[in-house]
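Okay, structure first, notes after.
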Amino acid sequence: MLEKYEAVIGLEVHAQLLTETKLFCSCSTKFGAPPNTNVCPVCLGHPGALPVLNKKAVEYAVLMGLAVNCRINKRSVFARKNYFYPDLPKGYQISQFDEPLCEFGFVEIDSGKEKRKIRIKRIHIEEDAGKLIHDRGGDSLVDLNRSGTPLIEIVSEPDIRTPQEASEYLKTLRKIVTYLEICDGNMEEGSLRCDANISVRLKGSTDLGTRTEIKNMNSFRNVEKALQFEIERQVEILEEGGKVEQETLLWDADNYEARSMRGKEESHDYRYFPEPDLLPLQITDEWITEIKNKMPELPNAKKERFQKDYSLPEYDAEILTSEKPLADYFEKAAEVTTDFKAVSNWVMSEVLKVCNRDKISIEEFPVPPENLGKLVGLISKGTISGKIAKDVFEEMLSTRQTPEEIVKAKNLAQISDSSAIEKAVEKIIADFPAQVEQFKNGKEKVLGFLVGQVMRETKGKANPQMVNKILIEKLRQ
Ligand code: ADP
Ligand code: MG
Ligand code: ZN
């Protein structure tokens with residue numbers, strides 16, 4: 001981007017709530033059911049069918065509001081957002097408009113360089129539409145299983161300044177909803193979706209420029225790419241003396257470009273009006289307190305606690321708390337040993353390496369955390385060397401045995417018995433007279449070779465510090 005411009009970005013993020021049933025009926029929200037089986041008169045939009053609000057969805061939305069420092073409005077109102085869409089047979093979506101459930105919050109994002117506050121304008125509850133399927137031999141099909149699934153929409157103020165910050169903000173929200181266990185955060189499957197509003201202006205200006213809205217970005221990378229593309233396009237228009245048109249663009253991830261989808265609708269185009277089939281939503285202080293008490297530890301708090309309680313560097317704490325199940329895994333492993341940094345190293349390197357290689361989540365990782373903790377304990381106690389530990393770990397992956405069982409069965413315990421080590425040292429001194437001579441003539445580098453030979457003689461099980469010490473003693477005799 002040209003130096004004299006800055007971007008102004010606001011995100012609208014939709015998160016699908018993990019309730020068992022839909023927002024206004026008792027149909028299941030289960031993903032992957034045969035098409036049009038999780039439906040009823042309410043979510044099919046039959047005339048006269050009446051919506052009944054799902055309490056769990058409200059609870060989840062309030063939880064999110066509290067987690068991102070919002071004011072929870074004790075009265076909020078559902079509204080009809082009218083439009084024609086073939087995947088929403090009612091012809092309107094039940095949403096919230098001028099009286100949303102949550103307002104005036106913020107999250108802190110860490111762009112690596114600095115911490116920034118991004119204000120949240122509002123969070124409201126709404127229902128999802130069904131799904132259109134276009135790629136079936138020329139016909140278009142509709143699956144209404146998703147119709148009526150509960151969503152929250154989290155709308156930011158236009159406080160985001162760069163594509164990287166936008167993706168950081170989205171990552172922060174994803175972490176929070178998954179920690180709260182109110183959304184699975186899966187962007188590819190569309191459980192977490194993001195539309196971006198974007199304008200550019202001259203640096204130093206406080207006016208907002210004309211914005212466009214980009215839809216359909218289903219990964220963090222796409223969000224960054226799409227915003228970068230759009231910033232450059234808008235700057236180019238302004239540089240040529242033109243005007244940015246307010247419109248809605250669709251991101252085409254295959255061709256790396258945003259294409260015009262439609263002129264941007266204004267809110268009055270939707271003819272919002274209060275939903276006559278639902279009373280205003282009233283929430284008591286007692287219920288809000290009850291929900292507050294269910295608040296789990298949030299990502300930032302957990303990260304700080306990991307740095308403090310386990311004396312971990314910020315880098316480790318950041319990685320270990322990047323996902324709650326990973327943090328849980330670390331904490332369970334750290335219960336059985338006091339060498340926390342070593343546990344952290346094992347989790348960050350060996351454990352995550354296997355998860356990436358085998359494309360499994362930490363929840364599917366075959367070694368129970370207690371066993372990893374025990375393995376680290378065996379190294380700290382000197383029972384096995386770090387090198388042998390790698391072999392034991394491999395064995396743990398395939399056999400599900402505890403490290404103690406493997407060490408015992410394979411006779412892998414480190415030899416710390418000096419007479420056994422002395423015997424091996426003597427054998428090597430006898431076998432390599434030339435190298436011994438070199439050492440005695442001052443070529444100390446050859447010591448490494450001799451240590452290596454002793455380790456080989458003991459199949460890697462000798463305590464390396466002891467081998468070093470005894471070898472030097474014998475050579476100096
Ligand atoms: P709408 O009702 O059209 O959806 P909102 O006022 O709710 O508009 O804003 C939608 C999103 O667009 C918010 O995230 C907001 O921060 C952002 N936004 C509003 N104006 C601008 C602008 N000029 N440039 C960039 N983002 C903007
Ligand atoms: Mg909007
Ligand atoms: Zn239904």
Item to complete: Evaluate the side-chain contact (heavy atoms from CB on, under 4.5 Å) criterion for residues Lys115 and Asp110: first the C-alpha distance (whole Å), next the side-chain angles of each, then the deciding distance (0.1 Å), finally the verdict.
Response: CA-CA 4 Å; Lys115 288 202 166 77; Asp110 192 344; 4.0 Å; yes
Item to complete: Evaluate the side-chain contact (heavy atoms from CB on, under 4.5 Å) criterion for residues Asn82 and Tyr270: first the C-alpha distance (whole Å), next the side-chain angles of each, then the deciding distance (0.1 Å), finally the verdict.
Response: CA-CA 5 Å; Asn82 298 283; Tyr270 291 118; 5.5 Å; no
Worksheet item: Is there a side-chain contact (heavy atoms from CB on, under 4.5 Å) between Val52 and Cys25 once you walk through the steps?
Response: CA-CA 6 Å; Val52 178; Cys25 61; over 6 Å; no
Discussion item. What verdict does the salt bridge (Lys or Arg N to Asp or Glu O under 4.0 Å) test give for Glu127 and Lys90, after you've listed the backbone C-alpha separation in whole Å, the side-chain angles of each residue and the deciding distance to 0.1 Å?
Written reply: CA-CA 12 Å; Glu127 59 179 336; Lys90 286 205 298 284; 2.7 Å; yes
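A distance-only check finds no donor-acceptor pair linking the side chain of Asn38 to the backbone of Thr29 [under 3.5 Å]. Between the Lys22 side chain and the Asn145 main chain, a donor and an acceptor come within less than 3.5 Å of each other. Side-chain atoms of Glu240 do not come within 3.5 Å of backbone N or O of Gly242 as any donor-acceptor pair. Judged by distance alone, the side chain of Asn54 and the main-chain N or O of Phe24 form no donor-acceptor pair under 3.5 Å. A donor-acceptor pair is defined here as one N or O able to donate and one able to accept, closer than 3.5 Å; no such pair exists between the side chain of Asp87 and the backbone of Leu132. A side-chain donor-acceptor contact under 3.5 Å links Arg201 to the backbone of Asp207. The backbone N or O of Ala129 lies less than 3.5 Å from a partner atom in the side chain of Arg146, making a donor-acceptor pair. No side-chain donor-acceptor contact under 3.5 Å links Asn73 to the backbone of Ser76. The closest donor-acceptor contact from the side chain of Gln96 to the backbone of Ile125 lies under 3.5 Å. Checked by atom type and distance alone, the side chain of Arg174 pairs as donor or acceptor with a backbone atom of Gly185 at under 3.5 Å.
A salt bridge links Glu297 and Lys302; the closest N-O separation between the charged side-chain nitrogens and carboxylate oxygens is under 4.0 Å. Between Glu350 and Lys353 a salt bridge is recorded (basic side-chain N to carboxylate O distance below 4.0 Å). Of the charged side-chain nitrogens involved, at least one lies within less than 4.0 Å of a carboxylate oxygen, so that Arg193 and Asp128 count as a salt-bridged pair. Taking 4.0 Å as the cut-off between side-chain N and carboxylate O, Asp328 and Lys324 count as a salt-bridged pair. Taking 4.0 Å as the cut-off between side-chain N and carboxylate O, Lys215 and Asp195 count as a salt-bridged pair.
The aromatic ring centres of Phe330 and Tyr310 sit less than 6.0 Å apart.
By the 6.0 Å contact criterion, OH on Tyr315 is open, its count of non-hydrogen atoms from other residues, nucleotides or ligands being 12 or less. Counting heavy atoms of neighbouring residues, nucleotides and ligands inside a 6.0 Å radius, atom CD of Glu108 exceeds 12 of them. Enclosure of atom NZ in Lys341 by more than 12 non-hydrogen atoms of other residues, nucleotides or ligands within 6.0 angstrom is indicated. Within a 6.0 Å sphere centred on NZ of Lys203, other residues, nucleotides and ligands contribute more than 12 heavy atoms. Open room surrounds CD on Glu188; 12 or fewer heavy atoms of other groups in view lie less than 6.0 Å from it. Surrounding CD1 of Ile360 are more than 12 heavy atoms belonging to other residues, nucleotides or ligands, all under 6.0 Å away. At most 12 non-hydrogen atoms from other residues, nucleotides or ligands lie less than 6.0 angstrom from OH of Tyr85. Counting non-hydrogen atoms of other residues, nucleotides and ligands closer than 6.0 Å to CD of Glu20 gives a total of 12 or fewer.
Pairing each heavy atom of Gln234 with each of Thr210, the nearest pair is OE1-O, 4.1 Å. Nearest heavy atoms, Leu23 versus Ala57: CD1-CB, 3.6 Å. Between Ala389 and Leu375, the shortest heavy-atom distance links the atoms O-CD2, 4.0 Å. Contact between Arg161 and Ala7 at its shortest, heavy atoms only, is CD-O, 3.3 Å. The shortest heavy-atom contact between Val223 and Cys194 is CG2-SG, 4.3 Å. What you find for Glu6 and Ser205 is that their closest heavy atoms are OE2-O, 4.4 Å.
Glu239 places a side-chain heavy atom less than 4.5 Å from the side chain of Tyr5. In this structure, the side chains of Leu227 and Ile198 come closer than 4.5 Å at one or more pairs of heavy atoms. Looking at heavy atoms from C-beta onward, Pro403 lies in side-chain contact with Asn371 at the 4.5 angstrom threshold. Contact annotation: the side chain of Tyr329 approaches that of Leu372 to within less than 4.5 Å [non-hydrogen atoms, C-beta and beyond]. You'll find the side chain of Leu180 reaches within 4.5 Å of the side chain of Leu298, heavy atoms only. Counting heavy atoms from C-beta outward, Leu88 and Tyr83 have side chains that approach closer than 4.5 Å. Contact of the Ile182 side chain with the Met64 side chain is registered, since non-hydrogen atoms from C-beta on lie closer than 4.5 Å. Residues Glu114 and Arg116 have side chains in contact (heavy-atom distance under 4.5 Å, counting atoms from C-beta outward).
Side-chain atoms of Thr212 and Glu230 include a donor-acceptor pair closer than 3.5 Å. For the 3.5 Å distance criterion, the side chains of Glu364 and Ser361 qualify, holding a donor opposite an acceptor. Arg211 and Asn197 are linked by a side-chain donor-acceptor pair at a separation below 3.5 angstrom, with hydrogens and angles left out of the test. Side-chain atoms of Thr149 and Gln16 form no donor-acceptor pair, as typed in the model, at a separation below 3.5 Å. Between the side chains of Glu126 and His14, at least one donor N or O sits under 3.5 Å from an acceptor N or O.
Ile288 contributes atom CD1, which lies 12.0 Å from atom CG of Leu63 (distance to the nearest 0.5 angstrom). Distance CZ/Arg122 to CD/Glu12: 9.5 Å, rounded to 0.5 Å. The structure places CG of Leu17 at 11.0 Å from CD of Glu59, a figure rounded to the nearest 0.5 Å. Going from atom CD of Glu318 over to atom OG1 of Thr321 covers 5.5 Å, rounded to the nearest 0.5 Å. Atoms CE and OG1, from Met396 and Thr402 in turn, are 8.0 Å apart once rounded to the nearest 0.5 Å. A distance of 10.0 Å separates CD of Gln164 from NZ of Lys171, quoted to the nearest 0.5 Å.
Note that Lys390 lies outside the cation-pi zone of Phe393, set by a 6.0 Å cut-off to the ring centre and a 45° limit from the axis. Figure legend: cation-pi geometry between Lys55 and Trp287, with NZ or CZ positioned under 6.0 Å from the six-membered ring centre and within 45° of its axis. At least one cation-pi condition fails for Lys81 and Phe97: the charged atom is not both under 6.0 angstrom from the six-membered ring centre and inside a 45 degree cone around its axis. Taking the ring axis of Phe273 as reference, the NZ or CZ atom of Arg80 does not stay both within 45° of it and closer than 6.0 Å to the ring centre.
Screening Glu257, Glu247, Glu245 for a salt bridge (Lys or Arg N to Asp or Glu O under 4.0 Å) with Arg233, the sole residue that qualifies is Glu247.
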